[in-house]
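Quick caveat: nothing in here was measured; it's all calculated off a predicted structure.
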Amino acid sequence: MPESTASEPTRILIVDDDSAVRDVITVLLREEGYACTAVGSAEAALVAADEAEYPLVISDVRMPGKDGFWLLDRLRDLHPDSAVVMLTAYGDTEAAVECLRNGASDYLLKPPKVTDLIRAIERALGRRRLELARNKYRRSLENRVREKTAELSRTLHDLESTYSQTLWSLVAALDAREHETSDHSQRVVRYTLAIARRLGVTDADLPNVGRGALLHDIGKIGVPDAILLKPGKLTPAEWVEMRKHPQIGYDILRSIEFLGPPAEVVLCHQERYDGGGYPRGLAGDAIPLAARIFAIADTFDAMTTTRPYRRGLPADAARVEIGKHSGTQFDPRCADAFLSMRPEEIVALARTTDVRPI
């Protein structure tokens, strides 16, 4: 159904089996400039919601027949863009908490005070606008990713060089979003490939190892800027969102046939050798070899790179740290391969621009 235009009043659906409550709320909200429709049951509310768009629904919790919980569930399924404010009886705290857990925007005690009611409506509509904008942005991102993926898939059947260029362009855009230079992506690819060669990874497998390293953070496209670019420490809830990026990256890449093996690296690049990583808590050889190699390359680059909030460590000090965590954070075999590299080799890798094959 079409959205209300800016010149039209916001439509609100009021649901309560008590006609006196319905009438009072309707009069109050009409005086505030809202367009109100009032019904006496959850079933009637669902019919009304099917016939017209209501950005906000105000519903009683306890009603004869189908109650407010039933209506809330149906609205979440059938009209997820509608914000819902629930009315609960005094002392019915458990019902109020259950409403919020099931997706209600807010709850008020009956009978609601006028000021409380207006504030709750403004909060609910404000959150709804933000959620709609966020969903629109997410859909736009998803569409752009799908479009780029389809374009990439068609092109890569013909020209291998186009694969590499497009992937680098995508990573450069991601680096720019995170205020990171593309040098980071280039270095971790070079370090990863160098370790892989030390371990005897075949030339045929090196491109997949390199692409996995290159695309490791592609899932951050799905992390909100407020979390990804937050200057301070993340809260536990924000860490939950941040830790979704390996799965998001995997979901983006796995449908592209030639990026299947790199997708596994993307999924597992935050796993630890001792099983203390995420998202699946894999340990030892259950973690793909390329991801175990990348973990060392990424950690070394992070430690030796100067950031606005700290100076990078000298390469020798970073190498000592890698050795300390061999067998816990890192695969000992991969750590040994890295530590067997001469310091001048690592310096050369940090400075060169050659990242082939990838």
Just so I know, are the side chains of [X] and [Y] near enough to count as touching, which here means a heavy-atom distance under 4.5 Å?
X: V223; Y: E241; value: no
X: R187; Y: T305; value: yes
X: L117; Y: I58; value: yes
X: R144; Y: L141; value: yes
X: S185; Y: L214; value: yes
X: M303; Y: I322; value: yes
X: R254; Y: L267; value: no
X: T88; Y: L108; value: no

Out of curiosity, [X] [atom1] to [Y] [atom2], how far, rounded to the nearest 0.5 Å?
X: L253; Y: I248; atom1: CG; atom2: CD1; answer: 12.0 Å
X: L130; Y: N135; atom1: CG; atom2: CG; answer: 11.0 Å
X: D16; Y: S59; atom1: CG; atom2: OG; answer: 7.5 Å
X: L339; Y: I195; atom1: CG; atom2: CD1; answer: 9.0 Å

Sequence neighbours left out, what pairs pass ring-ring contact (aromatic ring centres under 6.0 Å, His included) with at least one residue falling in residues 41-65?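 Not a single pair qualifies under ring-ring contact (aromatic ring centres under 6.0 Å, His included).
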
Going by the ring-ring contact (aromatic ring centres under 6.0 Å, His included) test, which pairs reach into residues 206-231, not counting sequence neighbours?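 Sorted pair list: H184-H216, H216-H269, H216-F294.
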
Look at the side chain of [X] and the backbone N and O of [Y], then say whether any donor-acceptor pair between them is shorter than 3.5 Å.
X: T328; Y: H325; value: yes
X: R190; Y: L349; value: yes
X: E271; Y: I287; value: no
X: R11; Y: Y34; value: no
X: S340; Y: A337; value: yes
X: N143; Y: R139; value: yes
X: T192; Y: V188; value: yes

Checking P262 now: which residues fulfil side-chain contact (heavy atoms from CB on, under 4.5 Å) with it, not counting sequence neighbours?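 P262: side-chain contact (heavy atoms from CB on, under 4.5 Å) contacts with N208, R211, L259.
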
Mind checking side-chain contact (heavy atoms from CB on, under 4.5 Å) for S19 and listing every partner two or more places apart, or none if nothing turns up?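 side-chain contact (heavy atoms from CB on, under 4.5 Å) list for S19, sorted by chain: R22.
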
Decide, yes or no, whether a salt bridge links E131 with R128 under the criterion of side-chain N to carboxylate O below 4.0 Å.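 Result for this pair is no, no salt bridge flagged.
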
Pairing of E122 and R119 as salt bridge, 4.0 angstrom limit: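 A salt bridge is absent here (no side-chain N lies under 4.0 Å from a carboxylate O).
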
Do [X] and [Y] belong to the same hydrophobic cluster, where Ile, Leu, Val, Met, Phe, Trp and Tyr are linked whenever their side-chain heavy atoms lie under 4.5 Å apart, directly or via other members?
X: L215; Y: Y278; value: no
X: Y107; Y: I12; value: no
X: V24; Y: V57; value: no
X: M63; Y: I25; value: no
X: V61; Y: V84; value: yes

Using side-chain contact (heavy atoms from CB on, under 4.5 Å), reason through I118 and L29 one step at a time and then give a plain yes or no. CA-CA 8 Å; I118 298 303; L29 295 187; 3.8 Å; yes

Might you work through the side-chain contact (heavy atoms from CB on, under 4.5 Å) test for F300 and R319, ending with a clear yes or no? CA-CA 7 Å; F300 178 79; R319 285 163 59 89; 4.2 Å; yes

Measure across [X] and [Y] and return the closest heavy-atom pair with its distance rounded to 0.1 Å.
X: L87; Y: P112; answer: CD2-CG, 4.3 Å
X: L75; Y: A49; answer: CD2-CB, 4.1 Å
X: L13; Y: A48; answer: CD1-CB, 4.0 Å
X: D274; Y: A283; answer: C-CB, 4.0 Å
X: I221; Y: I252; answer: CG2-CD1, 3.6 Å
X: Y273; Y: G327; answer: CD2-O, 3.8 Å

State which residues pass side-chain hydrogen bond (donor to acceptor under 3.5 Å, both in side chains) with D316; sequence neighbours excluded, sorted by chain then number.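 With neighbours one apart ignored, the set is empty.
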
Inter- and intrachain pairs under side chain to side chain donor-acceptor pair (under 3.5 Å), touching residues 279-297, at least two apart: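 Side chain to side chain donor-acceptor pair (under 3.5 Å) check on residues 279-297 returns D285-R292, R292-D331.
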
Derivation and outcome, side-chain contact (heavy atoms from CB on, under 4.5 Å), residues Y191 and I296: CA-CA 9 Å; Y191 294 148; I296 294 174; over 6 Å; no

Does any pair with a residue in residues 26-49 pass salt bridge (Lys or Arg N to Asp or Glu O under 4.0 Å), and if so which ones, sequence neighbours excluded?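 The answer is none; no pair qualifies.
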
For L199, run the side-chain contact (heavy atoms from CB on, under 4.5 Å) check against V209, I293, D336 and tell me which one passes.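 Running side-chain contact (heavy atoms from CB on, under 4.5 Å) over V209, I293, D336 with L199 returns exactly one hit, I293.
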
Under the salt bridge (charged side-chain N to carboxylate O under 4.0 Å, His left out) test, which residues partner E345, sequence neighbours left out?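 Partners of E345 by the salt bridge (charged side-chain N to carboxylate O under 4.0 Å, His left out) criterion, ordered by chain and then number, come out as R198, R342.
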
How would you list, by chain and number, every residue that makes a salt bridge (charged side-chain N to carboxylate O under 4.0 Å, His left out) with D18, sequence neighbours excluded?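 Salt bridge (charged side-chain N to carboxylate O under 4.0 Å, His left out) list for D18, sorted by chain: empty.
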
Tell me which donor-acceptor pairs under 3.5 Å the side chains of residues 96-106 have, and how far apart each pair is, sequence neighbours excluded?
unit_1	atom_1	unit_2	atom_2	d
E98	OE1	R101	NH1	2.6
D106	OD2	R123	NE	3.3
D106	OD2	R123	NH2	2.5

Going by atom type alone, with no hydrogens or angles, which donor-acceptor pairs under 3.5 Å involve a side-chain atom of residues 66-74 and a protein atom two or more places apart or on another chain?
unit_1	atom_1	unit_2	atom_2	d
D67	OD1	F69	N	3.2
D67	OD1	W70	N	3.0

Name each donor-acceptor pair under 3.5 Å that joins a side chain in residues 226-236 to protein atoms two or more places apart or in another chain, with its distance.
unit_1	atom_1	unit_2	atom_2	d
K230	NZ	K233	O	3.1
K230	NZ	E238	OE1	2.7
K230	NZ	E238	OE2	3.4
T235	OG1	E238	N	3.1
T235	OG1	E238	OE1	3.4

Kindly indicate, with the supporting measurements, whether the criterion side-chain contact (heavy atoms from CB on, under 4.5 Å) is fulfilled by L46 and L78. CA-CA 9 Å; L46 201 58; L78 301 175; 4.2 Å; yes

